[in-house]
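This report concerns only the one structure given below.
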Amino acid sequence: MKAVRVHEYHSDPKIDDIPEPEIQGPLDVIVKIGGAGVCRTDLHIINGDWAEAQNPTLPYVIGHENAGWIEAVGDGVTNVAVGDTVILHPQPSCGLCLACRRGRDMQCENAFFPGLSNNDGGMAEYLRTTARACIKLDPNTNPADVAALADAGITAYHAVRKAVPELFPGTTAVVQGAGGLGHIAIQTLAAITGTRIVVVDKNPDALALAKQIGADETVQADGNHVEAVKDLTNGRGGDVVFDFVAEQGAELDAWQMTAPAGSQYILGYGGEFKAPTLDFVGGEKNVIGNIVGTYADLTELMVLAQAGKVTLHTKQYPLDAALDALHDLDAGRVRGRAILVP
């Protein structure tokens, strides 16, 4: 099969012909990929940023936002069958450790992460994962239309879901960065909260899209955006600020845009957060980190998606054009999410 593999860091991946994956255990499934999202994390992987944390053996296949059709199942699989349309939680969990018992999939003690850890991902024609990762979809669903919900979607939804108690009517939520994750957060906020939604982004096209999909106000990040957000909130800032950028100083802008007793949810990464401790004490502000989400989060998100309340805005590329997709993402030429279709 064809697959996009990283051979060395700081270099473009290559499209290789490699053997198809095989069933290795009773709960394994092989998925025929119908769509694989191209994520900014893939750029970080190529740059070697995850090498120490995940330590994969090179070369390996990247891609952690995947949907498709069940091609084969292990002897112990009962929740899906060959031919089913599925979206895949990006990090299969064991179900037996204490974190799993508490529903904290991302803290599973025995997890693996196809496309990040030492396990091939889904920028390929086929992927091996486990039954615990599979969420069955309406058979009429096109996997390419929903694949990026497996990471970009669930990550945005997970943060909004956690913040729901703070986002009652009369509050303001600020979304900094209206790209692949941010545009999903905007729709989720509109679908499950009564908050006022203010969106901050450098790109006028991203702001125009934000307005179409649920933003009440938009602010261009032009150096005066912190003051603009405060002007829109009577000087207070957002009760919750979702930072999907979190680098090159944006993480500190988000902190300044957060109201007293408010919360800054950090979802992007690459920068460094630093603030005086007096700001925490005097302002009673919270800073909350987020990584992906739970299996239950993804099932809830798919309910919204299949009801038409959350829609991915995508640009599709054939698998052979994976490098074009990665370069376009890196250059900021993708509105919404780039999707590879084998």
Side-chain angles (χ1 to χ4, degrees), residues 6 8-13 37-56 62-65 90-91 106 113 115-117 121 123 148 150-160 162 174-186 199-203 206-207 210 219-223 225-226 229 238 240-258 263-275 279 285-293 323 325-338:
V6 174
E8 58 180 323
Y9 298 122
H10 306 289
S11 297
D12 280 344
V38 181
C39 177
R40 187 157 293 276
T41 292
D42 295 311
L43 300 179
H44 289 292
I45 291 170
I46 294 165
N47 197 45
D49 297 350
W50 284 86
E52 185 175 344
Q54 295 290 348
N55 195 31
I62 56 174
H64 54 277
E65 297 180 339
Q91 180 180 277
M106 293 308 298
F113 208 131
L116 269 84
S117 61
M123 289 190 189
D151 179 38
I154 188 177
T155 301
Y157 181 84
H158 179 62
V160 172
K162 288 196 295 185
V174 177
V175 175
Q176 180 168 250
L181 280 76
H183 89 285
I184 299 168
I186 294 163
V199 178
V200 180
D201 199 287
K202 289 182 178 180
N203 192 299
L207 294 177
V219 173
Q220 187 160 9
D222 58 3
H225 46 286
V226 173
V229 168
V240 176
V241 177
F242 299 96
D243 184 7
F244 292 98
V245 183
E247 62 180 350
Q248 298 180 14
E251 63 276 23
L252 304 181
D253 290 344
W255 177 249
Q256 295 300 320
M257 289 188 283
T258 303
S263 297
Q264 176 182 349
Y265 283 72
I266 299 179
L267 297 101
Y269 61 92
E272 179 177 330
F273 181 86
K274 183 178 181 180
D279 283 4
K285 294 184 182 182
N286 308 297
V287 178
I288 301 168
N290 299 268
I291 184 167
V292 193
L323 297 186
L326 289 163
H327 292 161
D328 285 351
L329 174 62
D330 194 28
R333 292 190 289 264
V334 178
R335 295 273 69 79
R337 208 64 164 177

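Every residue two or more places apart in sequence or in another chain was checked for a side-chain hydrogen bond (donor to acceptor under 3.5 Å, both in side chains) with T258, and none qualifies. With sequence neighbours left out, D49 forms a salt bridge (Lys or Arg N to Asp or Glu O under 4.0 Å) with no residue at all. For K202, the side-chain hydrogen bond (donor to acceptor under 3.5 Å, both in side chains) test picks out no residue, with sequence neighbours left out. Taking Y9 as the reference, nothing meets the ring pair (Phe, Tyr, Trp, His ring centres under 6.0 Å) condition, with sequence neighbours excluded. Every ring pair (Phe, Tyr, Trp, His ring centres under 6.0 Å) that Y265 has, sequence neighbours left out, goes to F242. Partners of Q176 under the side-chain hydrogen bond (donor to acceptor under 3.5 Å, both in side chains) rule, at least two apart in sequence or in another chain, are D243.
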Give the intermediate values and the outcome of side chain to side chain contact (heavy atoms under 4.5 Å, CB included) for residues Q220 and D201. CA-CA 5 Å; Q220 187 160 9; D201 199 287; over 6 Å; no
Side chain to side chain contact (heavy atoms under 4.5 Å, CB included) assessment of Y269 paired with T41: CA-CA 9 Å; Y269 61 92; T41 292; 3.1 Å; yes
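Annotation for S263 and N286: closest pair OG-ND2, 3.1 Å, computed over non-hydrogen atoms. Here the closest non-hydrogen pair linking G271 and E251 is CA-OE2, 3.4 Å. The two residues K274 and L252 make their nearest non-hydrogen contact at O-CD2, 3.4 Å. Listed here is the closest heavy atom pair of A206 and A178: O-CB, 4.1 Å. The minimum heavy-atom distance linking V174 with G238 is given by the pair CG2-CA, 3.9 Å. Residues A325 and V38 come closest through the heavy atom pair CB-CG2, 4.1 Å.
Looking at heavy atoms from C-beta onward, D279 lies out of side-chain contact with K285 at the 4.5 angstrom threshold. Counting only heavy atoms from C-beta outward, the side chains of L329 and R40 approach each other to under 4.5 Å. Side-chain contact check for R337 versus L181: some heavy-atom pair is nearer than 4.5 Å.
To the nearest 0.5 Å, the span separating CG on N55 from CG on L116 amounts to 12.5 Å. In this structure, the separation between NE2 on H183 and CZ on F244 is 11.0 Å, given to the nearest 0.5 Å. Between the CG atom in N203 and the CZ atom in R333 there is a gap of 13.0 Å [rounded to 0.5 Å]. Expressed to the nearest 0.5 Å, how far CD1 of I266 lies from CD1 of I288 amounts to 9.5 Å. Rounded to the nearest 0.5 Å, atoms NE2 (H64) and CD (Q91) are 11.5 Å apart. The CG atom of L323 sits 6.5 Å away from atom CG of L326, with the distance rounded to the nearest 0.5 Å.
Under a 3.5 Å cut-off, the side chain of H225 and the backbone N or O of G223 do form a donor-acceptor pair.
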